[in-house]
Amino acid sequence: MTDNGRQIWAYKPVANDIASHLDNVDNCTETELAQFRVDFRFDKIRNPNSADQVFRNQAIAANFKPHTCELPAAKDPRQQDIITSLLNGIHYFSMLQSKDGHWPGDYGGPLFLLPGLIIASYISASPFPVPHREMMKIYLFNHQNDDGGWGMHIEGESTMFGTVMQYVSLRILGAGKTHPQLQKARKWIKAHGGAIGIPSWGKFYLAILNLYDWRGFNSLFPEMWLFPKWLPFHPWRYWCHSRMVYLPMAYCYGKRIKMPANDLLLSLREEIYCQDYATIDWPKQRDVVCEKDIYTTQSPVLKVMNFVTNHYEKIKSTWLRNKSLKFIQEYIDAEDAQSHYLDIGPVNQAINSICIWDARGRNSSQFQQHVARWYDYLWVAEDGMKMSGYNGSQFWDTAFATRAILESDVARLFSDTIANSCQFIDSQQILAQHETHNEFFRHPMIGSWPFSTAEQGWPVADCTAEGLSATLAIQHSGLVSPRVDEARLKLAVDVILSYQNQDGGWATYELTRAPKWLEKLNPSEIFADIMIDYSWTECTSACVQALIEFQDAFPGYKRESIGTAIHDGLKFILAQQKTDGSWYGGWAVCFTYATWFGIEALSKAKGLGCYDDGLLSRAIERGCAFLTGKQKADGGWGETFESCSKMVYSEADTSQVVNTAWALLALMIAQYPERQAIDKGISLLMARQTEMGDWQQENISGVFNYNCMITYSNYRNIFPIWALNRYYQQTAGTDAKTSKS
Ligand code: LAN
């Protein structure tokens, strides 16, 4: 069910408004659950990625319309095939668009999110309705690896974090300890040293559940929030995700929140440890991490800091502690208010819920507003009910989809789809700031666009750029009367300019606010580069492209500063290129993704006089040489998620349509001269397309912090469509006759 970007799953929907479903206490029967498994088969061994079939089947059933587009004239049979495939692709995808104009989709992948929410619901005695609980169990069981454990994410090898979190969640949801899958899981846990080796984020959740002693946890030093702001390590300078996660964690730590023990918890203490719980020497476990989990090791600076802050706990001033907890609570309130209780992401949504439950009580309106938002994060696919990595990827997918369709004049056959996206894009531009904006370290955001919804209230630099590019493309097409006027476009440009870093690049949500050495304080063990907001190739490319497109349409506005911003952005992108010609991608898998972004920005900048064209051309050529060097014999490209974590190109056994589309988009924008490489890739995309115009769900496409993967289910449509459309545009020209049915 969707409304203005909000998407929730309802069991047996009866009304059309989301609010009436939040009180739904419907039950489901064993027979219905068994039927679900028959209707939606999921086999982790075949593919751990579900294909979002639950949503898609419903959308197609509701929106089905026959494909009646009159095909544009084709020069030859090959082109006929291209046109057919392209139109089928867009036609199918347009049926997935929701009434409010966005494309809903599965945004799961990480396996440590749902447990956080289950723990929040358990400690606060606010259980989910039975159908939700049952669907969650299906999901958790479905993603167990063959060895009995669970990974950090759906494609990952088993880790202690993944395994203990899913195990405890299943037990909370009512799975018995004699269940064969849980017995197998216990074996894995015990064979790998037991839950004392869970990384710090896991130690945190277990401590909340009274399954781990807070003495075994390195201090989160809530007093650091009272430091003077000029200090280079004041937490206001952290990457906003770390800041917003360590904030409520520090509250829970400061208050040593823990659930009262009960039979289940006492039994769990025996199930997940190798030793008797009462005999565990907790302070000694602070830095114990199972080797299967370690991605970043503790730096000497962090060790010293932990030593100091752990000792401080013994002598701490109660007055200072209370003062810092008061500040933290105000900050949590502000984050809740600014984001309408959605919060910046799934981790702090759950932990803030726990803090608010502790501070204000279960019946408080604040806590109830938190609970209402839990549903915004839940998504059902054939693998069961998962927690999304965000409250969705609504805006991001819509902006990309719009640009993909508008790549050629076939868009005019889909003017209704574009009109809907246009409406969504219009409605999601952030045009107001909360009164607590400045007090709590927020970057100016009027005119920006978010990743999910404006309501969520966190603007992102490259989402703003994609919003601007999509809006300009809509205006350029003349298909619908523009809804975002010139003044609002200029606001978006101003925000983009305000986001540019000293190094010429653009980061994700804010400017880089602290020096790189702050990374030495990364306590997470499982993620890299989380402490500050770094400039990225992809974000920079998106901003550079949007500025180029804007300047083309409005040459008079801030000509000089936009010119300088483009120049510096290009310089940053060139500096990121690796010696083999590739770029590393921080937000999707991986080298093909960022190399597409690198080449796209450089190619669009050529001939504009804002940079040395010779340098741009050479970099583009090297990028293309890298890509063609990785093309598989079948014409496609394929990378696995290990490219992201190992930072070296890791070739998948089979070509992947999403990687193939990125590589093709890059080669085409670069006007790569050996057309056979492109022709072969396009043939692969066509061959992989289903009869309806969809593509199969293949490997996972997204990533964050190098080590955790995230699903972008709409990518399998958006990027093949975009590549086919660019191919059509380049091979047919814009003069091919098209007519709307
Ligand atoms: C996202 C999703 C979108 C992504 C892009 C816009 C694609 C990127 O270009 C910039 C970074 C951004 C906004 C991004 C940052 C990290 C996020 C928010 C996520 C990958 C979605 C989930 C992830 C978040 C950190 C998950 C929660 C986990 C923690 C470690 C706090």
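Every number for a ligand or one of its atoms is a count from 1 in the order of the listing.
Side-chain contact, His102 with Asp397: no donor N or O sits under 3.5 Å from an acceptor N or O.
Glu466 and Arg403 are joined by a salt bridge, as a carboxylate oxygen and a charged side-chain nitrogen come within less than 4.0 angstrom of each other. Between Arg237 and Glu510, no side-chain nitrogen of the basic residue sits less than 4.0 Å from a carboxylate oxygen of the acidic one, so the salt-bridge criterion is not met. Taking a cutoff of 4.0 Å between a charged side-chain nitrogen and a carboxylate oxygen, Asp426 and Arg488 qualify as a salt bridge. At a threshold of 4.0 Å, the pair Arg513-Asp533 does not count as salt-bridged, since none of the basic side-chain nitrogens sits closer than that to a carboxylate oxygen. One finds no salt bridge joining Glu525 and Lys203 here, because no Lys/Arg side-chain nitrogen approaches an Asp/Glu carboxylate oxygen to under 4.0 Å. Looking at Asp100 and Arg6, no side-chain N of the basic residue comes within less than 4.0 Å of a carboxylate O on the acidic one, giving no salt bridge. Classification of Lys604 and Glu600 as a salt-bridged pair holds, one side-chain N sitting under 4.0 Å from a carboxylate O.
Protein heavy atom closest to atom 7 (C) of ligand 1, with residue, atom name and distance, is Trp396 CZ2, 3.6 Å. When hydrogens are left out, the protein atom nearest atom 27 (C) of ligand 1 is Val347 CG2, 3.9 Å; that is the closest non-hydrogen contact. Residue, atom and distance of the protein heavy atom nearest to atom 17 (C) of ligand 1 are His241 NE2, 4.1 Å. The closest protein non-hydrogen atom to atom 2 (C) of ligand 1 is Tyr107 OH, 3.2 Å. Ranking protein heavy atoms by distance to atom 10 (C) of ligand 1, first place goes to Thr508 CG2, 3.5 Å. Residue, atom and distance of the protein heavy atom nearest to atom 15 (C) of ligand 1 are Trp587 CZ3, 3.5 Å. Distance from atom 29 (C) of ligand 1 to its nearest protein heavy atom, with residue and atom name: Trp201 CH2, 3.9 Å. Looking from atom 5 (C) of ligand 1 to the surrounding protein, the closest heavy atom is Asp462 OD2, 4.1 Å.
Not one N or O of Tyr712 is nearer than 3.5 Å to an N or O of ligand 1, by distance alone.
The shortest separation from a heavy atom of Tyr509 to ligand 1 is under 4.0 Å, placing the residue in contact.
With atom 3 (C) of ligand 1 as the reference point, the heavy atom nearest to it among Trp239, Phe527, Phe451 is part of Phe451.
Atoms of ligand 1 found under 4.0 Å from any heavy atom of Tyr390, numbered from 1 in the order shown, are 18 (C).
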